[in-house]
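In the text below, chain A, chain B and the rest are named by the order of the sequence lines, each starting its count at 1. Computed from a predicted model, the values in this text were never measured in an experiment.
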Number of protein chains: 2
Amino acid sequence: MGIVRNTKSVSLVTDFFRQMDGAVGVVELVEKFKGQMNKSTIYRILDRLEDEGRVHSFLGGNGLKHYAKCHNCTSGHHSDIHPHFQCTSCGKVECVSCEIAIPELPNKRIQQVQLFLTGTCEGCSS
Amino acid sequence: MGIVRNTKSVSLVTDFFRQMDGAVGVVELVEKFKGQMNKSTIYRILDRLEDEGRVHSFLGGNGLKHYAKCHNCTSGHHSDIHPHFQCTSCGKVECVSCEIAIPELPNKRIQQVQLFLTGTCEGCSS
DNA sequence: TTTATTTTTGCAACTCAGTCGCAATAAAAC
DNA sequence: GTTTTATTGCGACTGAGTTGCAAAAATAAA
């Protein structure tokens, strides 16, 4: 259904994503907005933003839900599929803008590819 | 530490993996062995089998832990890294024996690659 | 600007995967 | 057979995520 009403909580979250590059775990978002909104509210707003194609979600290396803003997605269709990278040193998670080579498998039709990379980021490897 | 004692529970689990091709979620294992062993026991046995290099674990599309038997791994070192595939129709999860092309990213050192594929398996696409 | 309508929020209680401490049990060693 | 030590069962717990419902806030209507 998407976002219908521009509430204070909605603009807090959208503002956050506007100035946020990279991805963030829901746990951190709940922590960040604790005191400003309820945890259910965050989950619900993120759901709606995802419906609208304004953020996309994926599971981090720990299996926990992460969100990052979309770039060319529309409501109901997420078109920017890309790998995600997490630095083992600083923990930061980011979207990686590169093509994923979809493997051809005999007798299988691949519909979705989730690629999660772990390593050391530029800041931490120096 | 690995498996030190060959208990009834341990052989039930190892027997299961011996005749199991593909991967299985912990939830299904807990369900399968309900009545024969406690859920904590399953988790602990799987941990130890993984330490030993006899099974490997990964997170399924739902973020839940899955296990599959290893082929050429040793205690402390898992050498068979491969993608995993889940059929959206029958739900079956399997290990895919193909090489993963590790993407080169500027200023990043990639240490680990997790590739999870979703689609339709041969049985379900006919 | 007041009232009515409908969405959104807060809250508290819940589900479910996974973990933990500890006493009881079972395997292996002696 | 007895002792030692790993393993198990149990129950309680943690932490992410969900849900129902009444209260509050946003938009639409008057």
Side-chain angles (χ1 to χ4, degrees), chain A residues 1-17 23-52 54-68 75 84 86 91 93 114 116, chain B residues 1-17 23-68 75-76 84 86 91 93 114 116:
Chain A
M1 187 176 51
I3 299 287
V4 189
R5 292 189 184 185
N6 189 31
T7 64
K8 193 182 280 183
S9 299
V10 167
S11 45
L12 279 170
V13 175
T14 51
D15 283 355
F16 171 80
F17 277 106
V24 60
V26 185
V27 178
E28 290 94 71
L29 281 173
V30 170
E31 175 65 21
K32 173 165 216 90
F33 290 116
K34 174 167 53 180
Q36 291 167 287
M37 72 190 79
N38 189 270
K39 127 182 114 145
S40 313
T41 305
I42 301 182
Y43 280 102
R44 290 191 272 227
I45 289 177
L46 291 169
D47 273 358
R48 282 178 271 156
L49 287 175
E50 189 168 21
D51 279 358
E52 273 207 331
R54 293 166 69 178
V55 301
H56 61 275
S57 74
F58 60 97
L59 299 176
N62 46 18
L64 300 187
K65 217 166 188 186
H66 284 64
Y67 283 90
S75 173
H84 295 93
Q86 180 160 34
V93 181
Q114 288 165 62
F116 192 77
Chain B
M1 186 176 52
I3 298 289
V4 189
R5 293 190 183 182
N6 188 30
T7 65
K8 192 183 282 185
S9 299
V10 168
S11 42
L12 278 171
V13 175
T14 51
D15 283 355
F16 171 79
F17 276 106
V24 59
V26 184
V27 178
E28 289 95 71
L29 282 172
V30 170
E31 175 65 23
K32 172 166 216 87
F33 290 117
K34 174 168 49 177
Q36 291 166 288
M37 74 190 78
N38 190 272
K39 126 182 117 149
S40 314
T41 305
I42 301 183
Y43 279 102
R44 290 191 273 228
I45 289 177
L46 290 170
D47 273 359
R48 282 178 269 154
L49 288 175
E50 187 168 23
D51 279 358
E52 274 208 328
R54 293 167 67 180
V55 301
H56 61 276
S57 74
F58 60 98
L59 300 176
N62 46 17
L64 301 186
K65 217 166 187 187
H66 284 64
Y67 284 90
S75 173
H84 294 93
Q86 180 161 34
V93 182
Q114 289 165 61
F116 191 78

d([atom1], [X]; [atom2], [N]) in whole Å:
X: A:Leu49; N: C:dT8; atom1: CG; atom2: P; result: 11 Å
X: B:Lys34; N: C:dC16; atom1: NZ; atom2: C1'; result: 13 Å
X: B:Ile3; N: D:dT5; atom1: CD1; atom2: C1'; result: 15 Å
X: A:Ile45; N: C:dT7; atom1: CD1; atom2: P; result: 16 Å
X: B:Gln36; N: C:dT25; atom1: CD; atom2: C1'; result: 18 Å
X: A:Phe33; N: D:dG17; atom1: CZ; atom2: P; result: 16 Å

When rounded to the nearest 0.5 angstrom, what distance separates OG in B:Ser57 from NE2 in B:His66?
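Between atom OG of B:Ser57 and atom NE2 of B:His66 there are 11.0 Å.
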Give the nucleotide from the list C:dC11, C:dT7, C:dA17 with an atom nearest to the side chain of B:Val27.
C:dA17
When you match B:Lys8 and B:Arg5 each to their closest nucleotide on DNA chain D, which lands nearer the 5' end?
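Between the two, 5'-proximity favours B:Arg5.
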Side-chain (B:Glu50) to main-chain (B:His56) donor-acceptor, under 3.5 angstrom
no
Closest to the 5' end of DNA chain C, once B:Asp47 and B:Thr7 are matched to their nearest nucleotides, is B:Asp47
Which comes earlier along DNA chain C counting from the 5' end, the contact point of B:Leu59 or that of B:Asn6, where each point is its nearest nucleotide?
B:Leu59
For a quick check, tell me whether the side chain of A:Ser9 and the base of C:dT8 share a donor-acceptor pair closer than 3.5 Å.
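No pair found.
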Base of D:dG17, side chain of A:Arg44 - is there a donor-acceptor contact under 3.5 Å?
no
Would you please classify the geometry between the B:Phe58 ring and the B:His84 ring as parallel, tilted or perpendicular, with 30° and 60° separating the classes?
parallel
For B:Lys39, answer base if it contacts any base atom (sugar-phosphate contacts may also be present), sugar-phosphate if it contacts only those atoms, and nothing otherwise; contact means non-hydrogen atoms under 4.0 Å.
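If one applies the 4.0 Å heavy-atom cut-off, B:Lys39 turns out to touch a base.
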With sugar-phosphate meaning primed atoms plus P, OP1 and OP2, does B:Val10 contact a base, only sugar-phosphate, or nothing at under 4.0 Å between heavy atoms?
sugar-phosphate
